[in-house]
Number of protein chains: 2
Amino acid sequence: MSGTSDPDLPAPLTSSPIIAVDAMGGDNAPDEIVRGAVTAVREHGLKVLLVGRRTEIAALLAEEGALRDVPVVHAEDELAMHEGALASWRRPRSSAAVACRLIRRGDADALVSAGSTGGIVATSTVRLRTLPGVLRPALAVTLPTLPTPTILVDAGANADAKPEMLVQFAHLGCAYARTAFGIDAPRVGVLTIGSEPGKGNKLIRRTVELLSAAAEGPEGMDFRGNVEGHDLLAGRVDVVVTDGHTGNVALKTVEGTAEFTLNAVKEALTSSPLAKAGAVLQRGALRRMRDRFDSETYGGAALLGLNGTVVIAHGDSHPTGIAQACRLAHDLARGRVDEQVRRRVQHRAPNWLHRRGQSE
Amino acid sequence: MSGTSDPDLPAPLTSSPIIAVDAMGGDNAPDEIVRGAVTAVREHGLKVLLVGRRTEIAALLAEEGALRDVPVVHAEDELAMHEGALASWRRPRSSAAVACRLIRRGDADALVSAGSTGGIVATSTVRLRTLPGVLRPALAVTLPTLPTPTILVDAGANADAKPEMLVQFAHLGCAYARTAFGIDAPRVGVLTIGSEPGKGNKLIRRTVELLSAAAEGPEGMDFRGNVEGHDLLAGRVDVVVTDGHTGNVALKTVEGTAEFTLNAVKEALTSSPLAKAGAVLQRGALRRMRDRFDSETYGGAALLGLNGTVVIAHGDSHPTGIAQACRLAHDLARGRVDEQVRRRVQHRAPNWLHRRGQSE
């Protein structure tokens with residue numbers, strides 16, 4: 001029941017991929033985005049270019065003494081942080097749209113943006129197009145489990161989804177797990193409300209049927225059935241599949257609960273003079289732990305299923321977060337995650353049809 | 001925009017309500033359930049009776065010297081912990097079914113069970129029936145926000161729901177907030193994936209439309225629009241409305257993440273000799289904090305919308321949890337939460353119809 005079939009695994013890129021960073025997207029754009037791009041080049045040795053208003057970006061690069069390290073591609077327009085999907089379609093000259101054009105032309109391999117999720121999803125879907133056979137692109141995020149992160153897909157791109165889409169999300173997640181974390185045969189679970197088969201809403205019950213059938217084939221994935229909310233951080237599976245509504249609620253619930261709990265701990269640790277003395281002794285240990293939950297550690301959400309690699313960083317990303325997002329984009333582009341997705345989806349689709357034909 | 005309209009508020013029961021405890025439901029039944037019932041009587045002064053196999057229960061009561069404190073009603077059958085909805089319908093002599101019969105006859109006011117959620121929801125829905133006008137009963141749970149808990153409804157009774165049901169869940173949640181926590185005009189939000197109106201899946205978008213329209217009327221509730229996963233523990237609203245699939249995933253994600261975070265803290269606190277010394281100084285503060293997340297603190301989930309009060313305690317409840325569940329059942333039955341729900345649903349339903357007729 002292994003997912004490691006050679007036809008899925010393309011040879012990695014021989015040259016270092018070029019990451020196009022949207023300098024104008026995010027709450028802290030362009031200042032911190034530009035500094036993040038410089039960090040990605042200097043500290044991680046990545047190939048990065050910046051897209052946005054040239055004079056503004058050049059001035060910021062000059063401040064860092066980095067004018068020769070990071071090329072700039074001009075874009076006169078930009079997407080506002082609260083601009084939704086529709087508005088972004090109407091801006092062909094936005095920095096995000098120009099970055100997508102670079103990818104289409106082969107002048108870049110990946111887009112990193114801290115712009116609004118809705119706007120970047122819409123812009124890149126329209127401009128990069130979905131891979132052949134892919135019904136919808138999906139957002140994949142990583143949860144801080146050990147030793148390797150757990151991937152949650154879809155984290156919010158498709159509020160209303162169909163079972164066939166969720167089956168593809170499982171393949172997208174597997175390609176991600178293999179490319180970014182070297183997991184050869186990712187364990188896959190479907191997020192629902194009970195551990196027994198047959199639990200959950202109609203969408204999930206049908207998805208579980210389809211994935212169970214697909215798992216039995218020679219190209220099958222390691223499908224582990226239902227997982228629940230409390231399994232998200234338990235490391236039981238490598239890929240958790242869900243619709244974008246449930247996935248986004250779950251992701252934000254994880255973030256909110258971790259923050260709430262850490263604040264409650266902090267309060268408890270400073271609630272009495274004795275406890276305060278203890279807190280001083282432990283500051284380092286607690287800081288390291290808080291880092292594990294920091295959304296900047298893993299660099300952001302990957303939008304999978306398109307012709308090209310897209311990473312959406314948190315809207316309030318600081319330079320470290322942008323640099324991490326560039327690293328993730330580099331790893332995904334270098335491992336050719338899009339080509340992996342294409343192969344997985346293409347040579348599996350006829351297989352399901354064949355199986356369904358037999359059983360009817 | 002206040003929800004405090006007098007016609008909603010029935011006079012409380014004059015005598016103390018009688019709580020029927022399902023002695024056979026739960027992982028630790030009947031031993032710890034019986035001890036919990038004894039605690040409820042002795043420490044909280046509640047009126048409790050136990051339902052289940054008489055000789056077994058009597059022996060346990062004798063051990064506690066409590067044979068005269070807690071009456072026993074015999075039931076020869078019981079629901080297994082993993083028995084689903086269908087199986088439970090076929091067991092008219094189960095302890096849960098017999099407890100429901102006591103409520104129908106007026107010999108008890110509330111049911112407390114630590115049995116399987118699916119089994120208890122099915123049994124009590126069939127045997128107590130929904131209140132007039134109520135489409136579906138829903139599970140309401142409390143999240144540990146301060147100063148008062150936030151109520152999440154539906155936490156798992158209806159995996160597939162319709163907008164009209166979610167509107168009623170808002171009323172169920174308001175009745176609960178008022179009865180259990182004395183919140184006169186509960187703030188209501190709908191759980192979705194963006195803060196702006198128009199975000200979310202089809203179900204949620206329609207629900208928000210209906211609740212917005214209802215909020216404008218003279219009997220309106222204090223509807224605050226969309227809330228997201230990270231708002232669940234932020235205390236922004238008193239009642240969070242969602243379908244049972246999303247709600248159950250969110251609830252279990254909160255529980256799992258809090259546990260994961262506390263374990264990570266514990267590890268961090270004992271990771272070096274210096275940190276270990278600090279931990280000793282803080283043991284008390286941390287224990288108090290852990291208690292806030294303990295599912296036994298608030299006693300369990302209330303199944304609202306039925307003729308009678310039903311509280312479902314955690315399956316692994318210990319005596320403290322059962323006693324807390326009895327207290328919650330007492331408060332809800334004494335405040336006549338079912339009568340409140342009946343009034344809210346009945347005098348609001350024609351109002352919506354009237355409004356919809358006008359606008360068409």
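Chain letters run A, B, ... following the sequence lines, proteins first, then strands; residues in each count from 1. Since the structure is predicted, the reported quantities are computational estimates derived from the model, not experimental observations.
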Using heavy-atom distances under 4.5 Å, tell me whether B:Thr192 contacts chain A through its side chain, its backbone, both, or neither. both
Can you tell which part of A:Leu232 gets under 4.5 Å to a heavy atom of chain B, answering side chain, backbone, both or neither? side chain
Return the CG to OG1 distance between A:Asn263 and B:Thr261, rounded to the nearest 0.5 Å. 11.0 Å
Looking at B:Gly194, B:Ala159, B:Gly256, which has the largest count of heavy-atom pairs under 4.5 Å with chain A? B:Ala159
Check the surroundings of atom CZ in B:Arg205: do more than 12 heavy atoms from other residues, nucleotides or ligands lie under 6.0 Å from it? yes
Nearest 0.5 Å, please: how far is NZ in A:Lys252 from NE2 in B:His230? 5.0 Å
Minimum heavy-atom separation for B:Gly244 and A:Ile193, please, with both atom names. O-CG2, 4.2 Å
Of the backbone (N, CA, C, O) and the side chain (C-beta and beyond), which part of A:Ile204 lies under 4.5 Å from a heavy atom of chain B, both, or neither? side chain
Enter the distance from A:Phe260:CZ to B:Leu143:CG here, rounded to the nearest 0.5 Å. 9.0 Å
Minimal heavy-atom distance between B:His245 and A:Asp243, with the atoms involved, is NE2-OD1, 4.3 Å
Set out, in order, the CA-CA distance, both residues' side-chain angles and the distance that settles side chain to side chain contact (heavy atoms under 4.5 Å, CB included) for B:Val249 and A:Val249, then state yes or no. CA-CA 9 Å; B:Val249 166; A:Val249 166; over 6 Å; no
Considering all heavy atoms of both residues, which atom of A:Thr246 and which atom of B:Thr246 are nearest to each other, and what is their separation? OG1-OG1, 4.3 Å
Answer whether the closest heavy-atom distance between the side chains of A:Thr253 and B:Leu251 falls below 4.5 Å. no
